[in-house]
Amino acid sequence: MKLTIALSKGRIFEETLPLLAAAGIQPAEDPESSRKLVIDTNHEHVKLVIVRASDVPTYVQYGAADLGIAGRDVLIEHGGDGLYQPLDLNIARCKMMVAVSNDFDYEAAVKHGARLKIATKYPQIAREHFARKGVHVDIIKLYGSMELAPLVGLADAIVDLVSTGNTLKANNLQAVEHILDISSRLVVNQAALKLKYSTIQPVLDAFASAVPA
Ligand code: AMP
C-alpha cells in the first residue's frame, strides 16, 4: 500500500534520516541538492514529499501525506485539526523564548504594565503566553528574521526559537523568558491511520524504537 511522508529540508530532514533507516526506508536523493519535491525511496510505494516546515501539518491534515514530521511550534500554530500525534521524536530540539535588546529593561516594562509590541512568526504561542502573564501586547506577525525587529524599533520584544543562542548574541539581544521546550513530532492523518493501519503501524513502531534519548 502507498505511503507518503511529508518532511521539511534542513535540520528536520537530517535528524529524521536515522528514524527512516530504522523503518528500513532510504531516500533515493538528498533534497538539499535535488530540486525534486517528491523523493523516491528504496521502497516502490513509499515517497517523501518535501514541503515548507509550516506546511507539513496541512499536507497531513488533508491526506496529501499520510505521515509528517513537524515541530511543536508549527503544530501549535496550525491547531492540529485532523492530526493524530502519537510520538514526540525528540529531534530538532530548541526553546521558544521571549528576547529583547540588551538595553531594554523587560522586567521594568512588565512591572509598570506597559503595553508591549511583540514581533513573531508564532502569534498563537505569543498571544497565549502574554495572556497567561496578564501582559497587554500588540502582536506584529513577521515571516522571517524577527531578530531585526527590536533593533530598528519595530517591536519591544520578539518571540522566537532559540537553539545555541548565537543569533541573539550576534544581534545584541538576550532571552528574558522561556515559553516552551520545542521538539519535532510525528503526525499522522487520522483517516489514513485507520485505512492503512497495517502499513503505518510498523513505521510508527520503528520510529518509536529509534527515538533518540
Ligand atoms: P541559534 O542561533 O542556534 O540560537 O538559532 C536561532 C535561529 O535558528 C533562529 O532564527 C531560529 O528561528 C532558528 N531555529 C533554531 N532552532 C530551530 C528549530 N529547531 N527549528 C526551526 N528553526 C530553528
Side-chain angles (χ1 to χ4, degrees), residues 5-20 27 30-32 37 48-60 65 67-80 83 85 87-104 106 116-130 137 139-187 207 210-213:
I5 305 175
L7 293 173
S8 53
K9 280 203 261 193
R11 197 168 158 194
I12 287 182
F13 186 84
E14 297 303 324
E15 296 187 29
T16 297
L17 284 176
L19 301 170
L20 290 171
D30 176 0
E32 281 323 320
L37 300 173
L48 308 179
V49 291
I50 306 300
V51 303
R52 202 184 158 128
S54 49
D55 288 337
V56 167
T58 306
Y59 277 81
V60 177
L67 307 181
I69 294 177
R72 186 179 176 203
D73 50 329
V74 164
L75 291 168
I76 293 173
E77 292 298 327
H78 171 270
L83 303 177
Q85 300 185 28
L87 195 58
D88 184 343
L89 300 171
N90 215 15
I91 60 171
R93 284 162 55 100
C94 58
K95 293 180 191 302
M96 187 68 74
M97 309 279 281
V98 180
V100 298
S101 165
N102 286 333
D103 56 18
F104 182 79
Y106 176 73
L116 298 177
K117 282 185 286 172
I118 310 294
T120 188
K121 213 159 93 177
Y122 308 98
Q124 193 62 32
I125 292 171
R127 202 167 282 121
E128 273 172 31
H129 173 70
F130 290 104
V137 293
I139 304 284
I140 301 170
K141 164 97 190 192
L142 291 180
Y143 293 88
S145 299
M146 282 150 272
E147 295 86 357
L148 181 61
L151 307 180
V152 295
L154 177 63
D156 301 306
I158 61 172
V159 166
D160 193 9
L161 299 175
V162 178
S163 176
T164 61
N166 290 339
T167 306
L168 292 182
K169 205 186 268 176
N171 291 292
N172 299 315
L173 302 172
Q174 56 180 324
V176 288
E177 235 160 37
H178 171 252
I179 302 179
L180 288 169
D181 285 328
I182 302 291
S183 56
S184 291
R185 296 167 177 222
L186 185 66
V187 294
F207 275 32
V211 168

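Along the sequence shown, residues are numbered consecutively beginning with 1. The structure presented is a predicted model; accordingly, all values stated were derived computationally and were not measured. For ligands, and for the atoms within them, numbers begin at 1 and follow the listed sequence.
- For ligand 1, the atoms closer than 4.0 angstrom to any heavy atom of Val162 are 4 (O).
- Counting the atoms of ligand 1 from 1 in the order shown, those under 4.0 Å from a heavy atom of Asn166 are 2 (O), 4 (O).
- When hydrogens are left out, the protein atom nearest atom 15 (C) of ligand 1 is Ser163 CB, 3.7 Å; that is the closest non-hydrogen contact.
- Summarising the local packing, CZ of Arg11 is surrounded by more than 12 heavy atoms from other residues, nucleotides or ligands at distances under 6.0 Å.
- In terms of protein heavy-atom proximity, atom 22 (N) of ligand 1 is nearest to Leu161 CD1, 3.6 Å.
- Side-chain atoms of Ile125 and Asp73, non-hydrogen and from C-beta on, do get closer than 4.5 Å to each other.
- An N or O contact shorter than 3.5 Å is missing between Cys94 and ligand 1 by distance.
- Of the N or O atoms in Gly165, one or more lie within a sub-3.5 Å distance of an N or O in ligand 1.
- With a 4.0 Å heavy-atom cut-off, ligand 1 is reached by the side chain of Glu147 but not by its N, CA, C or O.
- The side chain to side chain donor-acceptor pair (under 3.5 Å) contacts involving residues 147-160 comprise nothing, where partners must be two or more places apart or lie in separate chains.
- Glu77 places a side-chain heavy atom less than 4.5 Å from the side chain of Pro123.
- Remark: minimum distance from atom 1 (P) of ligand 1 to any protein heavy atom is reached at Thr164 OG1, 3.3 Å.
- The single protein non-hydrogen atom nearest to atom 19 (N) of ligand 1 is Ala92 O, 3.1 Å, given as residue, atom name and distance.
- For NZ of Lys169, the number of neighbouring non-hydrogen atoms (other residues, nucleotides, ligands) closer than 6.0 Å is 12 at most.
- Inter-residue side-chain proximity for Leu89 and Ile12 is flagged as unmet; no heavy-atom pair is nearer than 4.5 Å.
- At a 3.5 angstrom cut-off on N or O pairs, Thr167 counts as close to ligand 1.
- Within a 6.0 Å sphere centred on OH of Tyr59, other residues, nucleotides and ligands contribute 12 heavy atoms or fewer.
- Every pair passing salt bridge (charged side-chain N to carboxylate O under 4.0 Å, His left out) that includes a residue from residues 173-183 is listed here, sequence neighbours excluded: Lys95-Asp181, Lys133-Glu177.
- When the heavy-atom distances from atom 12 (O) of ligand 1 to Asp160, Asp73, Ile91 are ranked, the shortest goes to Asp160.
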